[in-house]
Amino acid sequence: VQLQASGGGLVQPGGSLRLSCAASGSIFSIKTLYWYRQAPGKQRELVAGITPGGYATYADSVKGRFTISRHNGKNTGYLQMDNLRPEDTAVYYCKITDGIAYWGQGTLVTVSS
């Protein structure tokens, strides 16, 4: 399984970005998809997760601003990020687990004026 994260970039505070996670292989549609992030000097933290059936959970810090979704037919997951704040600046990673963890390569999100 390979995951390819994309969609990061530089955005002003209050702006929006949509991250994508494209997966190869056949297990994507039956596994929970997670988005994590790692800010400079900090540990990687869980941002959101979505089950194959679409049940989503979020970290308190992003509730009401981020929306996780998935398209199983396209083997792709998404993280819509609205009302971005400077503290959202981080490298964002997608992950699925099938006994072992498969990570995407990360995409950098920078929120700055």
Side-chain angles (χ1 to χ4, degrees):
V1 177
Q2 291 186 329
L3 302 177
Q4 180 79 26
S6 62
L10 174 64
V11 63
Q12 292 186 340
S16 297
L17 282 174
R18 189 175 85 152
L19 306 183
S20 298
C21 177
S24 65
S26 60
I27 68 170
F28 176 84
S29 64
I30 60 172
K31 298 297 180 181
T32 297
L33 170 70
Y34 301 96
W35 283 97
Y36 285 76
R37 67 185 181 187
Q38 187 165 18
K42 294 188 177 181
Q43 290 189 331
R44 194 171 296 190
E45 63 173 353
L46 178 62
V47 175
I50 185 168
T51 67
Y55 180 77
T57 56
Y58 300 92
D60 287 343
S61 59
V62 306
K63 278 181 183 176
R65 301 187 299 121
F66 290 12
T67 304
I68 189 172
S69 62
R70 63 191 297 160
H71 192 305
N72 291 332
K74 294 183 178 179
N75 273 8
T76 304
Y78 306 96
L79 186 68
Q80 176 68 39
M81 305 185 296
D82 298 315
N83 192 20
L84 282 160
R85 304 167 179 169
E87 54 264 37
D88 295 317
T89 294
V91 178
Y92 284 72
Y93 300 88
C94 54
K95 185 188 86 169
I96 60 174
T97 309
D98 182 30
I100 63 173
Y102 298 94
W103 292 90
Q105 85 287 4
T107 185
L108 176 62
V109 173
T110 303
V111 185
S112 176
S113 55

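Values reported hereafter were calculated over all heavy atoms of this structure, with side chains retained and with hydrogens, waters and symmetry mates removed. Sequence positions, counted from 1, serve as the residue numbers for this chain.
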### Hydrophobic cluster membership, Tyr93 vs Val109, 4.5 Å side-chain cutoff
no
### Query
Which heavy atom in Ser16 sits nearest to a heavy atom in Asp82, and how many Å separate them?
OG-OD1, 2.7 Å
### Summary
Scanning both residues in full, the closest heavy-atom pair of Ser24 with Val1 reads O-CG1, 3.7 Å
### Task
Kindly indicate whether the side chain of Arg44, heavy atoms from C-beta on, has any atom under 4.5 Å from the side chain of Trp103.
yes
### Query
If Ile, Leu, Val, Met, Phe, Trp and Tyr residues are connected whenever their side-chain heavy atoms lie under 4.5 Å apart, and connections chain through other members, are Val91 and Val47 in the same group?
no
#### Entry: Donor on one side chain, acceptor on other, Asn72 and Arg70, under 3.5 Å
yes
### Query
Should the heavy atoms of other residues, nucleotides or ligands under 6.0 Å from CD of Gln43 be counted, would the total exceed 12?
no
### Straight-line distance of Ile96 CD1 to Leu3 CG, nearest 0.5 Å
5.0 Å
#### Entry: Shared hydrophobic cluster, Ile50 / Tyr36 (ILVMFWY, side-chain heavy atoms < 4.5 Å)
no
### Message
Strictly distance-based, threshold 3.5 Å: is any side-chain N or O of Thr97 a donor or acceptor partner for the main-chain N or O of Ile100?
### Response
no
### Task
Measure across Gly77 and Trp35 and return the closest heavy-atom pair with its distance rounded to 0.1 Å.
O-CZ2, 4.2 Å
### Message
To the nearest 0.5 Å, what is the distance between CD on Gln4 and OG1 on Thr107?
### Response
9.0 Å
### Message
Would Lys95 pass as a cation-pi partner of Tyr34, given that its NZ or CZ must be under 6.0 Å from the six-membered ring centre and within 45 degrees of the axis?
### Response
yes
### Task
Output the distance between atom CZ (Phe28) and atom NE2 (His71), rounded to the nearest 0.5 Å.
10.5 Å
### Task
Give the ring-plane orientation class for Tyr92 versus Phe66, where under 30° counts as parallel, over 60° as perpendicular and anything between as tilted.
tilted
### Summary
For Ala5 and Gln105 the tightest heavy-atom approach is O-NE2, 2.7 Å
### Message
Let me check something: do Leu108 and Leu79 share a hydrophobic cluster, defined by ILVMFWY side-chain heavy atoms less than 4.5 Å apart, either directly or through other members?
### Response
no
### Qualifying residue for side-chain contact (heavy atoms from CB on, under 4.5 Å) with Leu17, from Leu10, Val11, Val111
Val11
### Task
Locate the shortest heavy-atom distance separating Leu46 from Ala59; write the atom from each residue and the value.
O-CB, 3.5 Å
### Task
First locate atom CD of Gln80, then atom CG of Leu19, and finally report the distance between them rounded to the nearest 0.5 Å.
8.5 Å
## Note on the structure
The complete set of salt bridge (Lys or Arg N to Asp or Glu O under 4.0 Å) pairs with one or both residues in residues 21-38, sequence neighbours excluded, reads Lys31-Asp98, Arg37-Glu45, Arg37-Asp88
### Query
Cys94 versus Leu33: any side-chain heavy-atom pair under 4.5 Å?
yes
### Query
With side chains defined as the heavy atoms from C-beta onward, is the minimum distance between Ser112 and Pro86 less than 4.5 Å?
no
### Query
Do you know which two heavy atoms are closest between Gln38 and Lys42, and how far apart they sit?
NE2-O, 3.1 Å
### Task
Report the C-alpha separation of Thr67 and Tyr58 in whole Å, then their side-chain angles, then the decisive distance to 0.1 Å, and conclude whether the side chain to side chain contact (heavy atoms under 4.5 Å, CB included) test is met.
CA-CA 8 Å; Thr67 304; Tyr58 300 92; 3.9 Å; yes
